[in-house]
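What follows is one structure encoded as structure tokens, with my remarks underneath.
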Amino acid sequence: MRRTKISDILKTGEVGEEYLVKGWVRTRRGSRQVNFIALNDGSVIHNLQIVADVEKFGEDLLRRATTGASLAITGKLSPSQGSGQKVEMLAEKLEVLGDCDPNAYPLQPKKHSLEFLREKAHLRFRTSTFSAIARVRHAMIFAVHNFFTSKGFVNIHTPIITASDAEGAGEMFQVTTMDLNQLPKKEDGGIDFSKDFFGKATNLTVSGQLEGELAAMGLADIYTFGPTFRAENSNTTRHLAEFWMIEPEMAFYDLNDNMDLAEEFLKYLIRYALDHCQDDLDFLSKRLLEEEKNKKAEERSMELLEKLRFVVENEFVRLTYTEAIQILKDSKPNKKKQFKYPIEGYGADLQSEHERFLVEKHFKKPVVLTDYPKEIKAFYMKLNEDHKTVRAMDVLFPQIGEIIGGSQREENYDKLLARMEEMDIPAEEMWWYLDTRRFGAVPHSGFGLGFERLMLFVTGMGNIRDVIPFPRTPKSAEF
RNA sequence: UCCUCAGUAGCUCAGUUGGUUAGAGCGGCGGACUGUUAAUCCGUAGGUCGUAGGUUCAAGUCCUACCUGAGGAGCCA
């Protein structure tokens with residue numbers, strides 16, 4: 001008999017029919033006469049209740065069905081006599097595929113802390129929370145490709161190893177095959193990278209944007225979706241050293257087109273989750289309520305599904321940096337000196353507390369901030385007429401802050417070169433990037449979406465290390 | 001990297017102003033129980049109190065350093 005997934009049994013299984021299921025034991029309980037085994041196979045958040053007659057299988061066999069053990073069971077589907085589930089399986093045949101020593105197995109049929117499970121990341125796929133997150137994550141990956149495919153975008157694999165250290169997006173991980181104990185030296189004492197694998201110093205990418213721009217200058221609409229590496233010593237709930245980023249880049253888009261796409265994209269993804277991940281989101285919502293039940297009412301977040309619907313149904317607020325500064329300057333917390341960093345006026349970089357005030361207190365919805373002072377933004381952003389601001393946009397979400405950062409790009413060769421010189425970006429090394437501004441340059445725009453930050457929002461989880469299977473953070477690269 | 005907090009049984013935590021043999025719940029194991037739902041009831045085993053120093057007659061408790069984890073800040077996605 002072929003194995004049937006529990007998700008299919010719960011969806012289309014027929015009472016009275018016989019099925020073969022395989023999975024892992026979550027709990028076993030029962031009396032001398034009958035045992036109840038909650039079996040989960042990862043296909044869905046729900047368990048299938050297996051009813052096993054003790055006399056039929058013998059205590060010795062059933063005793064092996066401990067939490068974590070894997071089983072194959074053949075049996076008839078039957079309406080459940082108990083109240084926790086509609087159907088259950090009356091076991092006819094029961095085979096233990098893999099035993100699981102209860103004294104050694106770390107997962108117990110009880111609540112574990114997320115910190116504990118993070119240390120058991122090799123086993124946490126077997127928990128309800130992490131299997132739900134993994135399924136939602138997959139749905140979001142699929143939805144990303146779906147969205148862009150439907151719009152005629154072409155997915156581009158940009159390089160993971162890069163020789164460019166001019167992207168300016170943060171500290172980089174070095175890539176080398178040289179023996180670190182015996183580094184080849186140049187005459188001046190510096191390291192001779194010409195002896196290295198690529199004949200020059202190389203790093204892991206911090207962004208696929210620059211290569212993405214090259215592709216957009218021929219294919220018009222492209223996107224990347226790949227791993228991204230930042231060697232920053234960041235220890236927060238929203239930073240990873242290795243994360244996944246989606247970077248669309250569009251020819252002929254100005255900043256407004258860019259914002260429209262970003263908003264449509266985020267809403268599409270969240271609606272996709274609502275439409276396709278109902279069971280998992282229901283579970284994650286309950287998990288969040290449970291976690292926050294000891295918090296004060298004003299510190300609790302909005303119920304998960306309500307929050308997701310709210311974002312889908314409301315327009316994002318769009319305003320310029322200058323307008324935001326004015327709002328912050330006149331705000332109560334600023335006047336009452338409640339900000340740790342008071343807003344004096346134009347030019348200040350916005351701190352987390354300011355972004356949170358705008359999003360969570362003032363507008364109470366996602367905010368898109370545009371036209372930042374050029375001094376606090378990257379070299380490639382298009383300079384405005386005022387020569388003070390650039391056509392940048394940051395999409396700010398409640399709780400997680402910046403979920404998207406993007407801009408219209410500077411397509412004017414002379415202006416771009418001038419900005420690079422001002423910001424000490426080595427233009428010679430970037431000849432290929434500058435070439436796009438020499439040959440048929442067009443206005444274009446793009447943005448980067450941190451995939452795990454999206455996952456934080458959609459799942460309601462509080463720590464980015466819990467929405468990626470194997471998080472890499474400073475001092476932590478286990479598994 | 002900076003600031004704050006934490007590290008006691010497999011897990012979650014309690015441990016009073018430093019004072020005798022370190023506790024609970026859950027989990028494990030053994031038993032009871034005619035269908036359970038994180039089952040229930042009875043019993044039982046299990047701890048170099050993060051590591052290394054120091055103060056003291058006496059340290060889980062005080063001090064110092066380090067390690068690990070968490071939260072916040074910065075960097076950003």
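Here is how names work: the chains are called A, B, and so on, in the same order as the sequence lines, proteins then strands, and each is numbered from 1.
Listed candidates were B/rC33, B/rA77, B/rU37. Nearest to the side chain of A/S31 is B/rC33. Out of B/rU36, B/rU34, B/rU1, the shortest distance to the side chain of A/Q85 is found at B/rU36. Counting only heavy atoms from C-beta on, A/F243 has its side chain closest to B/rA77 among B/rA77, B/rG35, B/rC29. Taking every side-chain heavy atom of A/F116 into account, B/rC11 is the closest of B/rU36, B/rC11, B/rG31. For A/E115, taking side-chain heavy atoms from C-beta onward, the closest of the listed nucleotides B/rA70, B/rA77, B/rC33 is B/rA70. Of the candidate nucleotides B/rU12, B/rU1, B/rA73, B/rA73 has the atom lying nearest to any side-chain atom of A/S352. Side-chain atoms of A/N235 lie closest to B/rU1 of the nucleotides B/rU36, B/rG69, B/rU1. Counting only heavy atoms from C-beta on, A/R465 has its side chain closest to B/rA70 among B/rG25, B/rG74, B/rA70. Of the candidate nucleotides B/rC76, B/rC26, B/rA39, B/rC26 has the atom nearest to the side chain of A/K110.
Looking only at atom types and distance, the side chain of A/E353 has no donor-acceptor partner in the side chain of A/Y341 under 3.5 Å away. Between the side chains of A/R230 and A/T228, no donor-acceptor pair is found at a separation under 3.5 Å.
The gap from the P atom of B/rU37 to that of B/rG28 amounts to 15 Å, rounded to the nearest Å. Here the separation of B/rC66 from B/rU12, taken at their C1' atoms, is 27 Å to the nearest Å. Comparing B/rC13 with B/rG47, their C1' atoms sit 15 Å apart, to the nearest whole Å. Comparing B/rG54 with B/rU17, their P atoms sit 27 Å apart, to the nearest whole Å. With C1' as the reference atom, B/rU20 and B/rG60 are 15 Å apart, rounded to whole Å. B/rG25 and B/rG72 have their C1' atoms separated by 32 Å, given to the nearest Å. Taking atom C1' on both B/rU56 and B/rG19, the two are 12 Å apart, rounded to the nearest angstrom. The C1' atoms of B/rU34 and B/rG50 are separated by 50 Å, rounded to the nearest whole Å.
The side-chain tip of A/K307 points at the ring of A/F457 from less than 6.0 angstrom away and within 45° of straight on. Under the 6.0 Å distance and 45° angle rule, A/K377 does not count as a cation-pi partner of A/Y321. Annotation: cation-pi pair A/K267/A/F316 present, NZ/CZ under 6.0 Å from the ring centroid and within 45° of its normal.
Under the Watson-Crick or G-U wobble criterion, with both distances below 3.5 Å, B/rG23 is paired with B/rC13. Look at B/rA39: it lacks any Watson-Crick or wobble partner with both distances under 3.5 angstrom. In a base pair of the Watson-Crick type (N1 to N3 plus N6-O4 or O6-N4) or a G-U wobble (N1-O2 and O6-N3), with each distance short of 3.5 Å, B/rU4 is matched with B/rA70. Nucleotide B/rU44 is matched to B/rG28 when pairs are restricted to Watson-Crick or G-U wobble geometry with both distances under 3.5 angstrom.
Within the 4.0 angstrom heavy-atom criterion, base atoms lie near A/G82. Within 4.0 Å (heavy atoms only), A/R118 reaches sugar-phosphate atoms of the nucleic acid but no base atom. Within the nucleic acid shown, A/K340 has no heavy atom closer than 4.0 Å to any nucleic acid atom. Residue contacts shown for A/T237 are limited to sugar-phosphate atoms, with no base heavy atom under 4.0 Å away. No contact: A/L107 has no heavy atom under 4.0 Å from any strand. Within the nucleic acid shown, A/D53 has no heavy atom closer than 4.0 Å to any nucleic acid atom. At the heavy-atom level, A/N233 lies under 4.0 Å from base atoms of the strands shown. No engagement by A/F229 is indicated, since no non-hydrogen atom pair under 4.0 Å with the nucleic acid exists.
Along RNA chain B, the nucleotide closest to A/Q81 and the one closest to A/G405 are compared, and the more 5′ of them pairs with A/Q81. Along RNA chain B, the nucleotide nearest to A/V51 and the one nearest to A/N463 differ in position, and the one closer to the 5' end is contacted by A/V51.
Here B/rA38 presents its P atom at 12 Å from CD of A/E290, a figure rounded to the nearest Å. Taking atom CD of residue A/Q209 and atom P of nucleotide B/rC76, one finds them 14 Å apart after rounding to whole Å. Rounded to whole Å, atom C1' of B/rC11 lies 14 Å from atom CG of A/N103. Following rounding to the nearest Å, A/L90 (CG) and B/rU36 (C1') show an atom-to-atom distance of 14 Å. Look at CD on A/Q108: it is 18 Å from P on B/rG46, rounded to the nearest Å. Residue A/E119 contributes atom CD, which lies 15 Å from atom P of B/rG7 at whole-angstrom precision. Atom C1' of nucleotide B/rA77 and atom CD of A/E242 are separated by 14 Å, given to the nearest angstrom. What separates CZ of A/R287 from C1' of B/rA38 is a distance of 17 Å, to the nearest Å.
Scanning atom types as modelled, one donor and one acceptor separated by under 3.5 angstrom connect the side chain of A/E88 and the base of B/rG35. Applying the 3.5 Å distance criterion, the base of B/rU36 shares no donor-acceptor pair with the side chain of A/N35. With hydrogens and angles ignored, a donor-acceptor pair under 3.5 angstrom links the side chain of A/R453 to the base of B/rC76. Counting atom types as modelled, A/H112 pairs no side-chain N or O with a base atom of B/rC11 as donor and acceptor under 3.5 Å. Side-chain atoms of A/R230 and base atoms of B/rA77 include a donor and an acceptor less than 3.5 Å apart. Scanning atom types as modelled, no donor and acceptor separated by under 3.5 angstrom connect the side chain of A/S234 and the base of B/rC76.
Nearest approach of A/R453 to A/I400, heavy atoms of both residues: O-CD1, 3.3 Å.
The phosphate of B/rU36 (OP1 or OP2) has no side-chain N or O of A/Q49 nearer than 4.0 angstrom. Of the side-chain N and O atoms in A/T236, none sit less than 4.0 angstrom from OP1 or OP2 of B/rA73. Close to B/rA73, at under 4.0 Å from its OP1 or OP2, lies a side-chain N or O of A/R238. Here A/R32 reaches the OP1 or OP2 of B/rA32: one of its side-chain N or O atoms lies under 4.0 Å away.
A donor-acceptor pair under 3.5 Å is absent between the side-chain atoms of A/T224 and the main chain of A/G226, judged by distance alone. Looking only at distances, no side-chain donor or acceptor of A/Q49 sits under 3.5 Å from a matching main-chain atom of A/Q85.
Once the 5.5 Å centre distance and the 30° plane angle are applied, the aromatic ring of A/F451 is found not to be stacked with the base of B/rA77.
Counting only heavy atoms from C-beta outward, the side chains of A/N384 and A/R391 approach each other to under 4.5 Å. Looking only at side-chain heavy atoms (C-beta outward), A/V458 and A/L281 come within less than 4.5 Å of each other.
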